[in-house]
Amino acid sequence: MAKHETPFLDQLESGPWPSFVSDMKQQAEVRAKNEAGVEFQIPQDCVDDLLGVVELSYKHGRTHWKHGGIVGVFGYGGGVIGRYCDQPSLFPGVEHFHTMRVNQPAGKYYSTEYLRSITKLWDLRGSGMTNMHGATGDIILLGTTTPQLEEVFWELTHNLGQDLGGSGSNLRTPADCLGTSRCEYSCYDTNSLVHFLTNEFQDELHRPAFPYKFKFKLDGCPNCCVASIARSDMSFIGTWKDDIKIDQDAVNKYIEQDPAYPSNAGAHKGRDWGPFDIQKEVINLCPTGCMKMVGKELKIDNANCTRCMHCINVMPRALKIGDVRGCSILCGAKAPILDGAQMGSLLVPFMEVNPDNDYEAITDLIENIWDWWMEEGKNRERLGELIMRQGFQKLLEVTGIEAVPQHVAYPRTNPYIFWREDEVPGGFERDVVEYRKHHLR
Amino acid sequence: MAKHETPFLDQLESGPWPSFVSDMKQQAEVRAKNEAGVEFQIPQDCVDDLLGVVELSYKHGRTHWKHGGIVGVFGYGGGVIGRYCDQPSLFPGVEHFHTMRVNQPAGKYYSTEYLRSITKLWDLRGSGMTNMHGATGDIILLGTTTPQLEEVFWELTHNLGQDLGGSGSNLRTPADCLGTSRCEYSCYDTNSLVHFLTNEFQDELHRPAFPYKFKFKLDGCPNCCVASIARSDMSFIGTWKDDIKIDQDAVNKYIEQDPAYPSNAGAHKGRDWGPFDIQKEVINLCPTGCMKMVGKELKIDNANCTRCMHCINVMPRALKIGDVRGCSILCGAKAPILDGAQMGSLLVPFMEVNPDNDYEAITDLIENIWDWWMEEGKNRERLGELIMRQGFQKLLEVTGIEAVPQHVAYPRTNPYIFWREDEVPGGFERDVVEYRKHHLR
Amino acid sequence: MAFISSGYNPAKPMENRITDIGPKHFEEFYPEVIKKNKGKWTHHEILEPGVLVHVSETGDEVYTVRCGGARLMSTTHINEICDIADKHCDGHLRFTTRNNIEFMVDSKDKVEPLKNDLKSRKFAGGSLKFPIGGTGAGITNIVHTQGWIHCHTPATDASGTVKSTMDALFDEFQNMRLPAHLRVSMACCLNMCGAVHCSDIAILGYHRKPPMLDHEYLDKLCEIPLAVAACPTAAIKPAKVTLANGTEVKSVEVKNERCMFCGNCYTMCPSMPLADTDGDGIVLMAGGKVSNRISDPKFSKVVVAFLPNEMPRWPSMTDAIKKMVNAYSNGANKYERLGDWAERIGWEKFFEVCELNFTHHLIDDFRQQAYMSWRQTTNFKF
Amino acid sequence: MAFISSGYNPAKPMENRITDIGPKHFEEFYPEVIKKNKGKWTHHEILEPGVLVHVSETGDEVYTVRCGGARLMSTTHINEICDIADKHCDGHLRFTTRNNIEFMVDSKDKVEPLKNDLKSRKFAGGSLKFPIGGTGAGITNIVHTQGWIHCHTPATDASGTVKSTMDALFDEFQNMRLPAHLRVSMACCLNMCGAVHCSDIAILGYHRKPPMLDHEYLDKLCEIPLAVAACPTAAIKPAKVTLANGTEVKSVEVKNERCMFCGNCYTMCPSMPLADTDGDGIVLMAGGKVSNRISDPKFSKVVVAFLPNEMPRWPSMTDAIKKMVNAYSNGANKYERLGDWAERIGWEKFFEVCELNFTHHLIDDFRQQAYMSWRQTTNFKF
Ligand code: SRM
Ligand code: SRM
Ligand code: SRM
Ligand code: SRM
Ligand code: SF4
Ligand code: SF4
Ligand code: SF4
Ligand code: SF4
Ligand code: SF4
Ligand code: SF4
Ligand code: SF4
Ligand code: SF4
């Protein structure tokens, strides 16, 4: 028997899509029965009460969670989000209901052994509810009490070899697409780099020293499967510098409609779009118009290709990314608070991704940027907002990067150039008396 | 013999393009000789001194004109720009050198009789130098002394039937393209409307009551030959609502390369661009892709045409503007001072241009806009800046125009909507005590 | 039940403490076939909705079966996922960046048994546990946020709006018949933890009433200068207020007409709650994208200014979304993302074919760059 | 010489005063063929550079011969224009919106005599008085401003830069061999009276030193609050200053590093001049347009941050302009405006093919909309 009636939520059990309500109900029941004999460290009926409080929100159309107090684990300034219910007497099981952010592994690959160790721990010490995964990338352990925070942390670090992720004015848990591990488009090993950066910057991840949050996201190619360009203060997007590799035989297989060569690797199989037409579907859609067929040969004018991935996506067996690989780095993406959303702006058109020297070029750049932001950033000012406030030039200056036309979509439309005194012959100091000799008042 | 040596300016006499230096020298000489026996009312050698002062600027790389004082004709707050030389002892002939702005006729058509009456007047009472025309559109009479201002004005109004144009925080002299007078593309009679508006708003043109300058420009069609969209607080651009008229025979004449049907009316004759290709030059360049050939017939999906003029420009003998004609009205264009340049933003997608009711719809709109701007505009705030500051919605509100998607290039990318209290059920006042019953602190 | 110590000693928090060890190393988690062929993949194919094969230059293949799921997940459910992975996939699996589950097997003959197993599992309430799909030119899982499950600032629920939407769009999850990827995202307030600002279709929770002022407690619970500074539109001023009982307290004053309901003040000060039954609801956005394919990434645009919270299934919202998906599906070209389609036909036509109302709310009036979104041309369609 | 009264009596300014009569009515000025066929024109053709025919539905034709000219024009020159119009055109003519002169005749046989007459006329210095051209896909007259001829704020000359540029581009005035119209505009300070903000190529005078402060006179000649308020970047503050002679005066102080040299302060206060021999010079912009044809109107972009004033012919400036015109002429498609071409090939390629340097000055840092001009994509060319 359910602890609370949930007529609203019950209506979310039907329909094909997996029902979170059904899952919560199943979990409430599992906890109630407790066949595994768990010695629950937080209220056994917390999931019942979670259902109850959410039902109340469905009735009121308002949340019933209060501001989190500052709770956390000793010495860390992040990884825990405090949360209290605003109707504790009705729902005592969720009176305290903090989440813990557990740093996910690169590429989000798991062994079941590991996952079971997490679920076991969370059954014992938490609600047994999770988010797989949080929008930043973490495993979210959803709901426990204050005393359990240190216990969970201890077990994670001692028994699972696993640390917390980020929250607060910290570096946030970096995230990546699966990269070379299972994708032929990947221009660098995202899993290795994200793991390296996460470990290299553990201090920044755990101890707040920044003006506000800071996010890294790593995409293996411009398809951007981890949406780095929209969601990270620094995004590392794989790219290449040389030519797209063409297998002309394979091109002709696509043209001949060979069934082993479906357009876009089969992504459009669900509708009959007519026979594949390389002119219409590839050449005419190439945004730079840099492709053409010469007889049976496909030609790409690579100097004019912007590596948008379209042709490669359409004909993955015929076209391959180049061999001189690295990444482009963009800065400043963020959600709309406060001054409006930003996407990342291109700072480094091409940078090597070199594990052999511990990704030196990348870490140097990161540190220059952080030095500037920590020096100049205001409280709650994201990197993107600082760039807006002080100008893109300033970012170039602090990173020692020379301005190139690649930095802009188009040059400035206003002529309001702030010349520096040392750029102007004779400087800014002038003699008004001398001037007035030639120009009477 | 020239009064001043002008080694710099002399170098601007060579080359094919008409030399302003040669013309000024010719004028200086004509005045010196004075074969017509003019009783010059300002220094006879003023053009010599003008050459001298400009030469000095060429030497210094700096202007030698001072801020103008406030000079003008009685009762008017515009039409005259005061100007004094900052080296009067060197160049006494241009010590005072004010310009007078004379309101040009619609379409800038002239009779020689009229022009000669102007030159005669200006030889007598001014420098005999002009600008034909100023960037706003006026005839600029360049250089006279303060006492002559009233004299010139008297003669203009009494003998030439001609008034001054605008300057200062006034309506400025409205300007137009030649419109139906000599252009088959014109969707309304620009000459008539510009003349009407100029006369209708004489008071606003002459007596400063505005926060800053205000400009009307009138283009007969979207080709924008008077650049209204870039240079006027309100621009009136001809357009039509129904279908482009197609003469299929003429279309085929173009396709067949009939020499009487050169592409773009011959505008590209200077280079061999190869034979005319309707697919490549018209259909593929149509920005909306709404054209196609079906056999020998050209089809236009007019509902998707944006009336960009391209196809009509290329084949003027085959394609004609529609019959339901009027104008689009855009607001707010201005130069970059202070907050950056603006182009006009579309306010009225389509408005009738109806002389029979004295263009009532248009004058009503103008007056609504002025009322708002005079009420809310800050000193030296252009209409475009006011729209930016108070929002486009405000402009719609004061003009009583309903929002339509045509008003935007794209809907807002931020969700920061300022809801008004009356739009939200229950209003903004709430009872915190009641709220706290359901949401403990 | 009795407190069980992990070993942590609150009296000596630093004793034996382990910190800064980061996440587990990914290599421990790679399936064998992934470990062996990393960096060697030559191409892939989507065999059917939800089923991919990647082929390596070594000749190896990996078959991936992708399943949707509620991101809010119990340990019971995770354990069931582990059971499946143990049975079919040598104990490995992964999650995608959009919270789908991927089961991988190293040969083709293992695919059907895996699929059959997945299809057989349902929740008691009737919904599928592991719907297969989410690949290619269709709709995949909705990236979303906490909503009424856990957050203090939402203007709507996350899990419920997502469930309702995915039910409504379920066919598109299991078919690949749209012109291109169509990504739906959800965020329950405009902090936009779901990063809905660059999605083909975005569901956003939005408040519409300025903060209530809990004057009696404000100065006690909040730092007034921080609350004042938090407001991006400078709507908040410090003020002295006389309570009903006559005491004068320090508090703040809000200029309601400057408020855009962003909730930033509430983030800094719990005595300024915004939530309201009638005020809160849904904003729909559309036309954003993230990939660089063909066109540049772009922001989503607001296409429905407000829909009320209609619990539990938000029918007006799912209706509007379906209208957009259908119009897009009918109108766009192969490979054309929703935003590119809207730009090609013009936003004026978008509203027409999606049967959505255009209102003044959709015209930007935030900051100077609003100007760029107005129409500075006569090129428009009637 | 003796004062000649017009009739105006300064003692009684209102006596017999006529005001608010507006301009002359245009109908008085129409040539006969225009008056008769207004609104009836069916089509036109550019017969050769500078020569147009417009055909009416009545069968009438009007032939127009367009001539360039310095906009700065003496009455002597205007009288000569009148002579020509009297001789060939029944005493009528017009000026175009770009300050060309148009002579119209009503039959074809009148064209050659008119052209021959025009071609025969030269200034003493050797330049043409009435070059025929300026039509179609070429370069026409340069819209420009006052410069050192009359204004108080210019950073360069207008007439001289225009003469130099038109000499350099003269072939393009008399040929129609460019891909499309190419409009050059000129403004001598950033008040931009020439409206260079939307031109294919724009020449702009620009200061690069903050205002000098004529402290001794500032308070006497200016209203300090107005000067302070004039500054768009809030670089100006009121200040007390001690002069060399020890007297303390009210004046202002300028934070140099906030100054963007707009000259707005000088417009309000003559004691803050900016002009400087070394500081002043030329900015070149490119890629703007006004017409709505094919693409929307667009702003010009800054492509050369600064070139010094090189009197009297500004060779570095005309060089850079010629490079752009040539690269455009070689690279663009028929009907493609300069800005559309630059966007198609990408601005990074524009700088390459025009052999112009890209410097940090060309990156926008003015106000928040600067952000929109940065590159938010990985789509770029190396
Ligand atoms: C004469 C003329 C330039 C020319 O050589 O043709 C001119 C000359 C001046 N303009 Fe202008 N403007 C002239 C057309 C323009 C235009 C073009 C147009 O009207 O199409 C513009 C850009 C469009 C616009 O209005 O935005 C223009 C934008 C300015 C501005 C900047 C206004 C702004 O809001 O950004 C100023 C500065 C000011 O008003 O203080 C300005 C100020 C001036 C002043 C009055 C200088 C001043 O600050 O006192 C100049 C007097 C020069 C002189 O000594 O004669 N002038 N001015 C043009 C008027 C002639 C006429 O009446 O036909
Ligand atoms: C598994 C995953 C990466 C991961 O590390 O988890 C992934 C995997 C693949 N993506 Fe992706 N993408 C994944 C999220 C994304 C995202 C991120 C997002 O949606 O938040 C994007 C950006 C979407 C956007 O622009 O809004 C994304 C944009 C693409 C594109 C570009 C599509 C376009 O038309 O713009 C491609 C290319 C293609 O489909 O041909 C692509 C192609 C691929 C390929 C074909 C790459 C490969 O060769 O293996 C993979 C399978 C395709 C498929 O699912 O149809 N992937 N892909 C993510 C699966 C999410 C899911 O569960 O559905
Ligand atoms: C848990 C999570 C949502 C989820 O359901 O997945 C989340 C939850 C919260 N976010 Fe977030 N954010 C989460 C990912 C994001 C993302 C997406 C991302 O990282 O890719 C964004 C947009 C990208 C960005 O960073 O700009 C995001 C932008 C915000 C913002 C706005 C920041 C801004 O600069 O615009 C806030 C407001 C703030 O920081 O005060 C915020 C604040 C919050 C807070 C802490 C609410 C608050 O003001 O205290 C939420 C706590 C909810 C709770 O009760 O658990 N959250 N937040 C995500 C983190 C899980 C994880 O670690 O994996
Ligand atoms: C005479 C004039 C109007 C006037 O009232 O004085 C005029 C007259 C014509 N224009 Fe224009 N335009 C005139 C200034 C303009 C301007 C304004 C400007 O440059 O400041 C523009 C906007 C330019 C811009 O976008 O920057 C302009 C953009 C056009 C266009 C669009 C061209 C394009 O490719 O974007 C056309 C269409 C065409 O050429 O086919 C056009 C077409 C025409 C036609 C063919 C219209 C007609 O059927 O008679 C006229 C002769 C064309 C020619 O000269 O090649 N006219 N035309 C102006 C001549 C200026 C001059 O002396 O050179
Ligand atoms: S971003 Fe590129 S490399 Fe990464 S998974 Fe997507 S397609 Fe593959
Ligand atoms: S990657 Fe994009 S730009 Fe490059 S050739 Fe292919 S389609 Fe064209
Ligand atoms: S704007 Fe249109 S109507 Fe006016 S002259 Fe130009 S082409 Fe003709
Ligand atoms: S006017 Fe422009 S949009 Fe309309 S059919 Fe012609 S080319 Fe296409
Ligand atoms: S979007 Fe807002 S309400 Fe939703 S989880 Fe993030 S901060 Fe909380
Ligand atoms: S909700 Fe936002 S805009 Fe309104 S008062 Fe609070 S911080 Fe200011
Ligand atoms: S652009 Fe500047 S300097 Fe030139 S005329 Fe206009 S106000 Fe004077
Ligand atoms: S030149 Fe412009 S920016 Fe500089 S002080 Fe004067 S008004 Fe301010």
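In what follows, every chain begins at residue 1, and chains take the letters A, B, ... in the order their sequences are listed.
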Is the closest basic N to carboxylate O distance between Arg62(B) and Asp280(D) below 4.0 Å? no
Of the listed Glu102(D), His144(D), Glu48(D), Lys129(D), the one with the largest count of heavy-atom pairs under 4.5 Å with chain B is Glu102(D)
When you look at Tyr109(B) and Phe26(D), which way does the ring-ring contact (aromatic ring centres under 6.0 Å, His included) test go after all the steps? CA-CA 7 Å; Tyr109(B) 286 92; Phe26(D) 52 90; 8.6 Å; no
Short side-chain to backbone donor-acceptor contact, Ser181(B) and Lys38(D), under 3.5 Å: no
Show, in sequence, the C-alpha distance, side-chain angles and deciding distance for Arg293(D) and Val314(B), and conclude whether the side-chain contact (heavy atoms from CB on, under 4.5 Å) test is met. CA-CA 11 Å; Arg293(D) 182 181 189 170; Val314(B) 175; 3.4 Å; yes
Say you draw a straight line from CZ of Phe97(B) to CD1 of Ile149(D); how long is it, rounded to the nearest 0.5 Å? 8.5 Å
Is a side-chain donor or acceptor of His158(B) paired with a backbone partner of Asn16(D) at a separation under 3.5 angstrom? yes
Measure from the side-chain N and O atoms of Lys108(B) to the backbone N and O of Thr97(D), and report whether any donor-acceptor pair falls under 3.5 Å. no
Could you tell me whether Arg17(D) and Glu150(B) make a salt bridge, using a distance below 4.0 angstrom between a side-chain N and a carboxylate O? yes
Step by step, work out the side-chain contact (heavy atoms from CB on, under 4.5 Å) result for Arg367(D) and Asp339(B). CA-CA 8 Å; Arg367(D) 301 251 195 275; Asp339(B) 269 339; 2.4 Å; yes
Donor-acceptor contact below 3.5 Å, side chain Gln202(B) vs main chain Gly22(D): yes
Nearest 0.5 Å, please: how far is CZ in Phe29(D) from CD in Gln104(B)? 11.0 Å
Counting heavy-atom pairs closer than 4.5 Å to chain B, which one of Met73(D), His92(D), Met104(D) comes out on top? Met73(D)
Under 3.5 Å, is there a donor on one side chain and an acceptor on the other for Arg182(B) and Thr64(D)? yes
If the test is side-chain contact (heavy atoms from CB on, under 4.5 Å), which one of Ile78(D), Leu72(D), Asn99(D), Ile101(D) qualifies with Met132(B)? Ile78(D)
From Thr180(B) OG1 over to Asn37(D) CG, what is the distance, rounded to the nearest 0.5 angstrom? 11.5 Å
Within a strict 4.5 Å, meaning less than it, do heavy atoms of the Ser164(D) and Leu12(B) side chains meet? yes
Under 4.5 Å to a heavy atom of chain B? For Asn175(D) that would be neither
Mark yes or no for whether Ser6(D), through its side chain, and Glu155(B), through its backbone, hold a donor-acceptor pair below 3.5 Å. no
Do Ser329(D) and Arg271(B) get their side chains close enough for a donor-acceptor pair, meaning under 3.5 Å? yes
Between Asp20(D), Val162(D), Asp276(D), Ile18(D), which has the largest tally of heavy atom pairs under 4.5 Å with chain B? Asp20(D)
Show your working on side-chain contact (heavy atoms from CB on, under 4.5 Å) between Arg94(D) and Leu178(B) and close with a plain yes or no. CA-CA 10 Å; Arg94(D) 75 175 288 269; Leu178(B) 44 58; 3.2 Å; yes
side-chain contact (heavy atoms from CB on, under 4.5 Å) between Val53(B) and His150(D), worked out: CA-CA 10 Å; Val53(B) 75; His150(D) 202 262; over 6 Å; no
Are any non-hydrogen side-chain atoms of Lys269(B) and Glu45(D) less than 4.5 angstrom apart? yes
Do Tyr8(D) and Phe153(B) have ring centroids that are under 6.0 Å from one another? no
For Cys269(D), give me all partners under disulfide bond (SG atoms under 2.5 Å apart), at least two apart in sequence or on another chain. Cys222(D)
Test item: His43(D) and Lys320(B) side chains (from C-beta on) under 4.5 Å apart, heavy atoms: yes
Residue set satisfying ring-ring contact (aromatic ring centres under 6.0 Å, His included) with Trp148(D), at least two apart, ordered chain then number -> Tyr58(B)
Quick one: sort the Tyr185(B) and His44(D) rings into parallel, tilted or perpendicular, breaks at 30° and 60°. perpendicular
Looking only at side chains, do Tyr30(D) and Asn191(B) share a donor and an acceptor under 3.5 Å apart? yes
State the OG1-NZ distance between Thr277(D) and Lys59(B), to the nearest 0.5 angstrom. 10.5 Å
More than 12 non-hydrogen atoms from neighbouring residues, nucleotides or ligands closer than 6.0 Å to CD on Glu113(B), yes or no? no
So CG of Asn264(D) and CG of Leu338(B): to nearest 0.5 Å the spacing works out to 5.0 Å
Among Asn309(D), Leu52(D), Asp86(D), which has the most heavy-atom pairs under 4.5 Å with chain B? Asp86(D)
Any non-hydrogen side-chain atom of Lys163(D) less than 4.5 Å from a side-chain atom of Phe20(B)? yes
CD (Glu281(B)) and OH (Tyr335(D)) are apart, to the nearest 0.5 Å, by 4.0 Å
Between chain B and each of Gly136(D), Ser127(D), Gly125(D), count heavy-atom pairs under 4.5 Å; write down the option with the most. Ser127(D)
Among the listed options Ser291(D), Gly91(D), Ala180(D), the residue most often paired with chain B at heavy-atom distances under 4.5 Å: Gly91(D)
Pair Tyr84(B), His152(D) - check ring-ring contact (aromatic ring centres under 6.0 Å, His included), show working. CA-CA 9 Å; Tyr84(B) 303 91; His152(D) 60 140; over 10 Å; no
Heavy-atom proximity to chain B below 4.5 Å, by part of Pro23(D): both
